[in-house]
A.B. asks: 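Structure in structure tokens, see below.
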Protein chains: 2
Amino acid sequence: MTDINFAKGKVRTKSAAAGARDAAAPGGEGPPLRWDIIELLFFAYRDFVGDADHVLEAFGFGRAHHRVVHFVHRYPGLTVADLLGVLRITKQSLGRVLKQLLEEGYIVQRAGDHDRRQRLLYATAKGETLIAKLAGLQTDRITRAMRDLSPSEAAAVSQFLRAMIDREESDKVLESLLEHHRPAPRD
Amino acid sequence: MTDINFAKGKVRTKSAAAGARDAAAPGGEGPPLRWDIIELLFFAYRDFVGDADHVLEAFGFGRAHHRVVHFVHRYPGLTVADLLGVLRITKQSLGRVLKQLLEEGYIVQRAGDHDRRQRLLYATAKGETLIAKLAGLQTDRITRAMRDLSPSEAAAVSQFLRAMIDREESDKVLESLLEHHRPAPRD
DNA sequence: AAATTTATGTCAGTCATATTGACGTATCTA
DNA sequence: TAGATACGTCAATATGACTGACATAAATTT
């Protein structure tokens, strides 16, 4: 790129013709776009998973490993098919990660009682220790973020997050999470 | 894997020795881990970005493209360095995505007024249309999720998300997002 | 004016995580 | 017995990230 001042003109400094919905547009726009929440979700989630990323790196693991051990820990006896549904990935993708976690002793599998084709997954003590460490960091962040909220406001946060989740195609895990509106944590 | 019923024993069905923090542990545990919020954040974010993913696929773009056009649209005149800071990626990673978006006319760049080394980035009408479409979908989800919240509860959600974000190392964009506690959207 | 630093772009190689498609085996069900 | 299901695996590919090295133009410092 030898030249500079390419692409003059056709630069948009005001969003006057964006969708048909921006609050700036005077015509038949819908409700204003929630740029604030959209960006807050992006940054909040980035930093939320960032907590875990640093620890995982030291173990030679990635986010994929975290997710697998997490759900296996939380829902003991989860089958491979269940896990694929929750994570929404293919079994080939899961394969590598699962294999590594099995080999390194973070999770184990047993044949299903009724259906011996199934592989029921369980976290080992080693796996639970890892997950507890990661959940501890994330809990600290959540606790800090909720410190100044009243109980009813904290409940509103929970309600909001629940309502953000798709209901159709909800699997076993999601059902159990959404079913019982767990009361505020006993503390 | 020819054999079955491998890995018997050493299976943990109760989390009695996890961290030192699980509410089930009787010893010196800390506050309970917020498994509920941790999982709600995972699923809520998964479905939140899923809205955009489907549309992006039709354009041959990925999430990386979305993030770039989004921030360029929202903060016109952003420099490449700013963008790298916000996205927390390397310039090599940004390079391919940025190049593609420039070539296909979703964003343009101009030399900086004071510092002509800088490339100030702007979204074109084409880029804004794309972003408005994606933000529309995400706004619909947010609006649905906030439908049953009172204004003060909605404010609590916003406050919670803000408090989830790391303050240190906040860049220009993050500052402007966190600075003015924007009041409830005018509707 | 020359030297250095800064902002950006790019080449080359690698890694993690995801994909589709095909195929094999054990096991359950009709 | 035949077919469907649950799981594992081989192969090839794509995306989005990384490190390291190097080039250019422009600003800044000496």
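Throughout, protein chains are lettered first and strands after them, A, B, ... in sequence-line order, and every chain is numbered starting at 1. Computed from heavy atoms alone, side chains included, the values below leave out hydrogens, waters and symmetry copies.
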A.B. asks: Tell me the interatomic distance from B/Glu103, atom CD, to C/dG9, atom P, rounded to whole angstroms.
C.D. replies: 13 Å
A.B. asks: Are any protein N/O atoms closer than 3.5 Å to N/O atoms in nucleotides 15-18 of chain C? If there are, list each pair with its distance.
C.D. replies:
from   : atom 1 : to      : atom 2 : distance (Å)
C/dT17 : OP2    : A/Arg96 : NH1    : 3.3
C/dA18 : OP1    : A/Arg67 : NH2    : 2.6

A.B. asks: Can you list everything that forms a side chain to side chain donor-acceptor pair (under 3.5 Å) with A/Glu104? Sequence neighbours excluded, please.
C.D. replies: none
A.B. asks: Who pairs with A/Leu161 by side-chain contact (heavy atoms from CB on, under 4.5 Å), at least two apart in sequence or on another chain?
C.D. replies: A/Val157, B/Ile37, B/Leu40, B/Leu41, B/Ala44
A.B. asks: Roughly, in whole Å, what's the span from NE2 in B/His66 to P in D/dT15?
C.D. replies: 18 Å
A.B. asks: B/Lys99 NZ to D/dA17 P: how many Å, rounded?
C.D. replies: 17 Å
A.B. asks: For B/Ala163, check side-chain contact (heavy atoms from CB on, under 4.5 Å) against everything at least two apart and list the hits.
C.D. replies: A/Ala145
A.B. asks: Partners of A/Arg141 by salt bridge (Lys or Arg N to Asp or Glu O under 4.0 Å), sequence neighbours excluded?
C.D. replies: A/Asp51, B/Asp166
A.B. asks: Strictly under 4.0 angstrom, non-hydrogen atoms only: write out the protein contact profile of nucleotides 2-8 of chain C, one letter per nucleotide from the 5' end, B, S or -.
C.D. replies: ----BSB
A.B. asks: Could you work out, with side chain to side chain donor-acceptor pair (under 3.5 Å) as the rule, every residue matching B/Asp148, not counting sequence neighbours?
C.D. replies: none
A.B. asks: Once hydrogens and angles are ignored, does a donor-acceptor distance under 3.5 Å link the base of D/dG20 to the side chain of B/Gln92?
C.D. replies: yes
A.B. asks: Atom CD of B/Glu57 and atom P of D/dT15: how far apart are they, to the nearest Å?
C.D. replies: 11 Å
A.B. asks: Taking the side chain as every heavy atom from C-beta outward, state whether B/Ile131 and B/His66 have any pair of such atoms under 4.5 Å apart.
C.D. replies: yes
A.B. asks: Considering only distance and modelled atom types, tabulate donor-acceptor pairs under 3.5 Å from the side chains of residues 85-95 of chain B, sequence neighbours left out.
C.D. replies:
from    : atom 1 : to      : atom 2 : distance (Å)
B/Thr90 : OG1    : B/Ser93 : N      : 3.4
B/Thr90 : OG1    : B/Ser93 : OG     : 3.1

A.B. asks: Rounding to a whole Å, what distance do you find between A/Leu83:CG and D/dA6:P?
C.D. replies: 15 Å
A.B. asks: Could I get the full list of side chain to side chain donor-acceptor pair (under 3.5 Å) partners for B/Arg96, not counting sequence neighbours?
C.D. replies: none
